*Asks:* 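Dumping the structure here so I can ask a few things about it.
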Amino acid sequence: MLQFIGVVEKANERGVSKVRIFDEFSEGLEGLDTFSHIIILYWFHLRATEERRRVLKVIPMGCAGNPKVGVFTSRSPSRPNSIGLCVAELVKLEGNILSVKGLDAFEGSQIIDIKPYLPRIDAFPEAAVPQWARHGP
């Protein structure tokens, strides 16, 4: 059973977002501040409608020049399970409040999990991607 562990309280304030981890999970944050970056899994709460969860084809990043592809070929928030994933810089950890830079979640997004970013297993600079995916929005 899925259990939310926190919530995004402030999104993108001067590039920094605030994430509050619920008190019953705060002990699990011990040592997290020794990492510069973390992986945050969250719930796309604004896209979790039945209609959006049935979307199977999308135009990535909404860019007109991109081809229509299967949802699993994209990072679209419209998907069968409304789970978002973001690597963010951990700016500060105070108690159960994380200040992070680069989080693409909206205020009110519920946090599913947090994991440390480990470059030796999370980064693959030589990974192949199609031409349309080589540039950001």
Side-chain angles (χ1 to χ4, degrees):
M1 181 167 129
L2 185 64
Q3 187 173 15
F4 297 119
I5 64 165
V7 65
V8 177
E9 290 194 332
K10 292 192 185 219
N12 300 318
E13 185 178 291
R14 295 187 189 144
V16 176
S17 298
K18 301 280 186 190
V19 175
R20 180 175 55 86
I21 300 304
F22 301 142
D23 290 339
E24 61 266 32
F25 300 106
S26 62
E27 194 175 320
L29 297 171
E30 186 176 333
L32 190 64
D33 57 349
T34 62
F35 291 86
S36 67
H37 290 75
I38 57 176
I39 298 168
I40 300 176
L41 296 152
Y42 61 93
W43 191 253
F44 284 123
H45 70 294
L46 299 177
R47 295 287 182 117
T49 65
E50 284 303 314
E51 179 184 351
R52 296 280 187 170
R53 293 180 79 170
R54 286 193 301 269
V55 171
L56 295 177
K57 293 271 195 144
V58 297
I59 296 175
M61 300 172 275
C63 295
N66 287 344
K68 195 169 200 176
V69 298
V71 72
F72 304 125
T73 307
S74 78
R75 295 285 184 102
S76 172
S78 298
R79 47 196 327 109
N81 288 304
S82 302
I83 298 171
L85 177 148
C86 186
V87 175
E89 180 183 350
L90 179 58
V91 176
K92 184 170 35 173
L93 173 61
E94 288 183 302
N96 62 339
I97 305 294
L98 290 77
S99 297
V100 296
K101 195 181 277 186
L103 181 63
D104 59 2
F106 292 117
E107 215 166 282
S109 296
Q110 295 158 309
I111 304 301
I112 297 170
D113 203 356
I114 297 170
K115 300 175 185 295
Y117 177 84
L118 302 170
R120 67 182 168 78
I121 60 172
D122 293 324
F124 294 92
E126 70 284 354
V129 297
Q131 184 66 36
W132 61 263
R134 293 181 186 167
H135 307 286

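Predicted, not measured: the structure shown is a model, and the values here were computed from it.
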*Asks:* Side chains of Val19 and Leu103, heavy atoms from C-beta outward: is any pair under 4.5 Å?
*Replies:* yes

*Asks:* Distance-only check: which donor-acceptor pairs under 3.5 Å involve side-chain atoms of residues 110-130, not counting sequence neighbours?
*Replies:*
from   : atom 1 : to     : atom 2 : distance (Å)
Asp113 : OD2    : Lys115 : NZ     : 3.3
Asp122 : OD2    : Leu118 : N      : 2.7

*Asks:* To check you understand the geometry: which heavy-atom pair defines the closest contact between Ala105 and Ala11, and what is its length?
*Replies:* O-CB, 3.5 Å

*Asks:* Taking the hydrophobic residues Ile, Leu, Val, Met, Phe, Trp and Tyr, and joining any pair whose side-chain heavy atoms are under 4.5 Å apart, which ones share a cluster with Ile97?
*Replies:* none

*Asks:* Provide the full list of ring pair (Phe, Tyr, Trp, His ring centres under 6.0 Å) pairs with a residue in residues 44-80, sequence neighbours left out, each pair given once.
*Replies:* Tyr42-Phe44

*Asks:* Evaluate Asn96 against Phe22 for side-chain contact (heavy atoms from CB on, under 4.5 Å), listing each step before the verdict.
*Replies:* CA-CA 7 Å; Asn96 62 339; Phe22 301 142; over 6 Å; no

*Asks:* Contact between Val100 and Cys86 at the side-chain level, heavy atoms closer than 4.5 Å - yes or no?
*Replies:* no

*Asks:* Among all residues two or more places apart in sequence or in another chain, which pass the salt bridge (charged side-chain N to carboxylate O under 4.0 Å, His left out) test with Asp104?
*Replies:* none

*Asks:* May I have all residue pairs that pass salt bridge (Lys or Arg N to Asp or Glu O under 4.0 Å) and include part of residues 79-101, sequence neighbours excluded?
*Replies:* Lys92-Glu94

*Asks:* Please name all residues satisfying salt bridge (charged side-chain N to carboxylate O under 4.0 Å, His left out) with Glu9, sequence neighbours left out, ordered by chain then number.
*Replies:* Arg20

*Asks:* Of all heavy-atom pairs between Ile59 and Asn66, which one has the smallest distance, and what is that distance?
*Replies:* CG2-O, 3.6 Å

*Asks:* Check Val91, Val8, Leu90 against Leu98 for a side-chain contact (heavy atoms from CB on, under 4.5 Å) and give me the one that passes.
*Replies:* Leu90

*Asks:* Where is the tightest heavy-atom contact between Gly102 and Ala88, given as atom of each residue plus distance?
*Replies:* C-CB, 4.4 Å

*Asks:* In Å, rounded to the nearest 0.5 Å, how long is the span from OG of Ser109 to CG of Leu46?
*Replies:* 6.5 Å

*Asks:* Going by side chain to side chain donor-acceptor pair (under 3.5 Å), name the pairs with one or both residues in residues 53-63, residues two or more places apart or in two chains.
*Replies:* Arg53-Asn81

*Asks:* Please list all pairs passing the salt bridge (Lys or Arg N to Asp or Glu O under 4.0 Å) test where one or both residues lie in residues 59-77, with sequence neighbours left out.
*Replies:* none

*Asks:* Taking only distance into account, with no hydrogens and no angle test, what donor-acceptor pairs under 3.5 Å do side-chain atoms of residues 25-40 form with protein atoms, sequence neighbours excluded?
*Replies:*
from  : atom 1 : to    : atom 2 : distance (Å)
Ser26 : OG     : Asp23 : O      : 2.9
Thr34 : OG1    : Gly31 : O      : 2.6

*Asks:* Compare every heavy atom of Val58 with every heavy atom of Ser76, then report the nearest pair and how far apart it is.
*Replies:* OG-CG1, 3.8 Å

*Asks:* The criterion is side-chain hydrogen bond (donor to acceptor under 3.5 Å, both in side chains); which residues satisfy it with Ser82, sequence neighbours excluded?
*Replies:* none

